[in-house]
Each structure stands twice: as structure tokens, then as C-alpha cells.
K.L.:
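Below: one structure in C-alpha cells.
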There are 2 protein chains.
Amino acid sequence: MFRALVVEDQTLMRLALMNEVQASFEECIVLGAETLNIATAELQNNHFDLVVIDPGLPGFDPTSQGDRVAVVDKIIEASPSAIHVVVTGSDNLCEADGFRQIGAAAYLGKTGLAPGVFRDVLDDISTKGFSLRLSRVVMTKPDYRFSVLTPREQEAIDMMAHREPGVKRKEIFSLMADRLAIDAGSAEKYYKQARAKLMRQGHPLPRGL
Amino acid sequence: MFRALVVEDQTLMRLALMNEVQASFEECIVLGAETLNIATAELQNNHFDLVVIDPGLPGFDPTSQGDRVAVVDKIIEASPSAIHVVVTGSDNLCEADGFRQIGAAAYLGKTGLAPGVFRDVLDDISTKGFSLRLSRVVMTKPDYRFSVLTPREQEAIDMMAHREPGVKRKEIFSLMADRLAIDAGSAEKYYKQARAKLMRQGHPLPRGL
DNA sequence: AAAAATAGGGATGACATCATCCCTTTTTTG
DNA sequence: CAAAAAAGGGATGATGTCATCCCTATTTTT
């Protein structure tokens, strides 16, 4: 059974990261720790295959490079056989190198760290040994979220809304089919159903229909 | 139809906040913006009832108090009729006062901002006019997350794991029943089912069973 | 010893989502 | 024009979760 630990003080982010880890493994146990104390206690008593760390923890100065390295270093030394992924909001190349030198397998900026990216990061690690994803701004339009839509319908709307001009809808349906491992016809159906729901409720649809 | 906008650069956090907003309203549309540019473009073209803002956006100095105020101020001026909630990782009482004075209805620290808290914040706003929740460390034990459990089962395990010594399980079942608006017997069933699943797979259960 | 709490199951219907396949009409494109 | 793309529906079964009610031992309290 794959065991992972997520060390992050921001609750919503911790839960989101735990979700990402869970989504990356068939069967697994994921623990979440808010503080270094909780984390070290767990690391002493149990074995972990993967540890995700945000170095900006309570009780440490987030601007002090020494504090940040100390946090990560302590965790790495307490779990030498695990894969260590550093996640931070204030990322930079210099710090990435530093963490890499003390044994981290990945360094990720929080901006641009979207659902699904974590899986890619793990692929990077197993193929190249290290994964570096610095923060970068990607969005040009906002994301829409409608409470009336099912997850599948929401995804269909999302992908269609981000369609580049000139790209046919059919192509989006194929893409969606690939990503969700379903039939292209089903993807089309979800999109149409979603669209119909929004129209029925008189919603102003995002541009691109 | 209730319309909300979440302005936050960290993708996972933005999605989590959008979820929190959605969970707080029956029917709603929630937009997510990664940058101030996207946000202001939306604010110009559409009306919003609620705007959630993280002042630490790309292109601004997160350590500069002036930059942070400028971001929030620009958004508030662009949507004077909306409720404005400021969410930040580096929160302090002084900044909270500052944002309150320019019209924010809530100031929330990211640490301790857990699922469900947002609803309470909105209650605070409508009753007291302002909600202040500074970051604070709450956890003493880690959270466990098992991929084999359904959400209900996971919640049952969560709540039981955080049971104070001396508290009877029956009481937890009642509490769970209250919080989920279900029967106490059902809550008990979920817990037992979850426990059975974990035992069957040979998982070392968290202390407190 | 009696009462309450806990452990451990089985069976059930309601319900929503997922995924598929089918159909027609209109619009756009080559 | 002909063909492809798109809009707009209806019907279907599989599946999983939710929520409930039922049952019997065993253990712990009182």
C-alpha cells in the first residue's frame, strides 16, 4: 500500500494536495500534517513512500532561507527512502537548486499547479529523476463554475471554453474523450447537455459557447 | 442567480475557494481569475454579488503593503455593491483593519481556513457586518485519507479520529448526524463500514479506532 | 445483574451520474 | 452542391453512493 504525507499549513491547499496525490495512485493512504511537529512525529513512527512539503510552516520565518531549508532538510533526513516534493508559493530557481542538492525530487510553484499536474510531476521524477515547475501565469480567461452542472458537464464546458479560435469542436470532443477515457460521442453528449442546462436557466454563456 | 468571483493565483487554492463558495449557495455561478487583469475585465462587464481576493497576485510585490492594498482597492472600486472577502496566507491584525477601512467585509488567514468555514464567514458578515479569522494552528494529529473509502465513510473516520478521550462514540454519531443532516444510525453504519473496509485490507487504523 | 455501548454483519430502495447509442434538423465549410 | 460540422433532442443500462432499517453477539458501565 502506497503511503504519502503532505506537510502544508494551509488547510484547503493541504486537502487539495492530498487529493492530487490520491488521484495519482490507485490505492493509497495519504496523511496530512499542518505542522512540522505533527509531520516529524509521523515520520518517526511510520514509513512513507512520498512526502510533499511546503517549507513555509507556522513557527518559521517564511522569508528566512535558512528556516526553509531547515524544514525540508529535517523531513528528508527523517525519511531518507521517500520521494520528496517541495511545493511553495514563493518559488525561484535558486531555491530549487538548493533543495535539489539536499535530496528533493521535485520543486513546484503553487501558481500553475493545477489538478492533474502532480501526476505529470511523478512521471518526470521516475523518468528524469527531478521535476521543476516554476510558477507561471497561464490563464487568459476566467474559469466558470456552475452549480447546476455535474462534474462531467462542467469539464466539457471548461474544455470548450478554452478552445483556441479555429479549432473545431469535434477536435475538443476527441481531446476530451482521450483525457477522460470515454467515447467522443459521450463527450459531445455531455457538452450538449451542459449547454442546454445553462440555456434553459437563461445563463449568459462564456464566449466560445 | 448568485454570482461570485474568486481572484487567486494559486490554482488549487482558487479551485478550493470556488468550491467553498459553491457549497455556501444553493444555485450560483462562480468565476475564477488568476490575475488582476482577468478579474478587472470581468468586473467591468458583469455584476457580482461576492468577490474573494488574495492580494498576493502575480506582478505585485507580496511584501509591499502598498501593492496589496492597491489590488484590493481596485477590485472594491470596480464592484462597489459586492461583498468583498480578503483571503491571505500572510495575515495580520493590522492589515485586517486596513482592508476593513477600505470596505472589505471579511479578512481570512489561509491557515485554519477549512472546508465549511466559509459558510460561517458569510453568516458573520450578514449578522455582524464583518468577519475576522486570523491564521491559527488547530491540528494536533494528522488527517488520514484512504482511497478505498467513500466520502461519507471518510468523514465518519475523520470525526471519530478526532474524538476527545472520554467522549462516547454514540455522541460522535449524533454529532455526525447533525452535521450531515442524516440519521445517527446511518452515521454509525458508515463508520462501521469504513472500519470494516480498512481492517479487511489490513490497514493500521489511526489511534482511537 | 441489568443497562448501555460497541462490534459486526445483511438487505433495501432512492437517486444521480456515467457512458452509450440512437435520432433529426440546421449551419458551415470545402 | 455535397459533405462535414454542429445544434438539439430521447432512451437506456450499469454503477455507486446515500440513507434507512433490521439483526445478533460481545464488551463495558452503572
Side-chain angles (χ1 to χ4, degrees), chain A residues 19 22-23 26-27 145-209, chain B residues 19 22-23 26-27 145-209:
Chain A
N19 266 335
Q22 267 195 328
E26 285 277 301
E27 286 199 352
R145 210 62 164 277
F146 304 89
S147 59
V148 290
L149 301 184
T150 68
R152 274 287 187 271
E153 290 167 353
Q154 180 68 57
E155 277 185 276
I157 291 290
D158 272 0
M159 295 193 63
M160 196 56 76
H162 291 121
R163 177 175 59 129
E164 305 286 330
V167 176
K168 297 220 184 303
R169 290 175 197 273
K170 283 254 176 189
E171 300 177 48
I172 301 292
F173 296 142
S174 301
L175 209 159
M176 203 181 308
D178 270 4
R179 197 174 302 183
L180 303 178
I182 60 173
D183 192 89
S186 300
E188 187 173 354
K189 183 68 191 168
Y190 289 130
Y191 167 70
K192 289 181 178 176
Q193 224 160 41
R195 200 172 182 282
K197 274 191 187 178
L198 299 182
M199 299 260 287
R200 229 175 289 137
Q201 301 208 351
H203 286 311
L205 297 174
R207 73 281 92 159
L209 280 202
Chain B
N19 265 334
Q22 266 195 327
E26 285 277 302
E27 286 198 352
R145 207 74 158 272
F146 304 90
S147 59
V148 290
L149 302 184
T150 69
R152 275 286 187 271
E153 290 167 351
Q154 179 69 55
E155 276 185 276
I157 291 289
D158 272 0
M159 297 195 62
M160 195 56 76
H162 291 120
R163 175 174 61 127
E164 304 286 328
V167 175
K168 296 218 183 306
R169 289 174 197 273
K170 283 252 175 192
E171 300 177 49
I172 301 293
F173 295 143
S174 302
L175 207 159
M176 205 181 308
D178 270 3
R179 197 173 302 182
L180 303 178
I182 60 172
D183 193 88
S186 299
E188 187 173 353
K189 183 67 192 167
Y190 288 131
Y191 166 70
K192 289 180 177 179
Q193 224 161 41
R195 200 173 183 282
K197 274 191 186 178
L198 299 182
M199 300 260 287
R200 229 175 288 137
Q201 300 209 351
H203 286 311
L205 297 174
R207 73 282 92 162
L209 282 201

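Throughout, a chain's letter reflects where its sequence line sits, starting with A, and its residues are numbered from 1. Computed from a predicted structure; not experimentally measured.
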K.L.:
Starting at atom CZ of A/Arg195, determine the distance to atom C1' of C/dT26, rounded to an integer number of angstrom.
P.N.:
13 Å

K.L.:
Counting heavy atoms from C-beta on, name the nucleotide in C/dG9, D/dA5, C/dT17 closest to the side chain of A/Lys168.
P.N.:
D/dA5

K.L.:
Given C/dA7, is OP1 or OP2 found less than 4.0 Å from the side-chain N or O atoms of B/Arg169?
P.N.:
yes

K.L.:
Within this structure, what is the NZ-CD distance for the pair B/Lys189 and B/Glu153, rounded to the nearest 0.5 Å?
P.N.:
10.0 Å

K.L.:
Which nucleotide sits closest to the side chain of B/Lys170: C/dG8, C/dA5, C/dA19?
P.N.:
C/dA5

K.L.:
B/Lys197 or B/Lys189: which one's nearest nucleotide on DNA chain D is closer to the 5' end?
P.N.:
B/Lys197

K.L.:
What's the spacing between A/Glu155 CD and A/Thr150 OG1 if we round to 0.5 Å?
P.N.:
9.0 Å

K.L.:
What closest approach, in Å, do B/Ala187 and B/Ala177 show between heavy atoms, and which atom pair accounts for it?
P.N.:
CB-N, 4.4 Å

K.L.:
Select one nucleotide: of C/dA5, D/dG8, C/dC18, the one nearest the side-chain heavy atoms of A/Met199.
P.N.:
D/dG8

K.L.:
Can you check the A/Gln193 CD to C/dC23 C1' distance for me, whole Å?
P.N.:
15 Å

K.L.:
Of all heavy-atom pairs between B/Phe146 and B/Gln154, which one has the smallest distance, and what is that distance?
P.N.:
N-OE1, 3.0 Å

K.L.:
Expressed as a whole number of angstroms, how long is the span from B/Ile182:CD1 to D/dT20:P?
P.N.:
6 Å

K.L.:
Nearest whole angstrom, please: distance from the P of D/dC21 to the OH of B/Tyr190.
P.N.:
12 Å

K.L.:
May I have the distance from A/Phe173 (atom CZ) to C/dA19 (atom P), rounded to whole angstrom?
P.N.:
16 Å

K.L.:
Taking 4.0 Å as the cut-off, does a side-chain nitrogen or oxygen of B/Ser186 come that near to OP1 or OP2 on D/dC21?
P.N.:
no

K.L.:
Would you mind reading off the distance between A/Glu188 atom CD and D/dA4 atom C1', rounded to a whole angstrom?
P.N.:
12 Å

K.L.:
Is there a side-chain contact (heavy atoms from CB on, under 4.5 Å) between A/Phe173 and A/Met160? Walk through the geometry before answering.
P.N.:
CA-CA 9 Å; A/Phe173 296 142; A/Met160 196 56 76; 3.5 Å; yes

K.L.:
How many whole angstroms separate atom CG of A/Asp183 from atom C1' of C/dC21?
P.N.:
9 Å

K.L.:
With hydrogens left out and only the distance checked, is there a donor-acceptor pair under 3.5 Å joining B/Lys192's side chain and the base of C/dA7?
P.N.:
yes

K.L.:
Give the rounded distance in Å between these two atoms: CE of B/Met176 and C1' of C/dT6.
P.N.:
14 Å

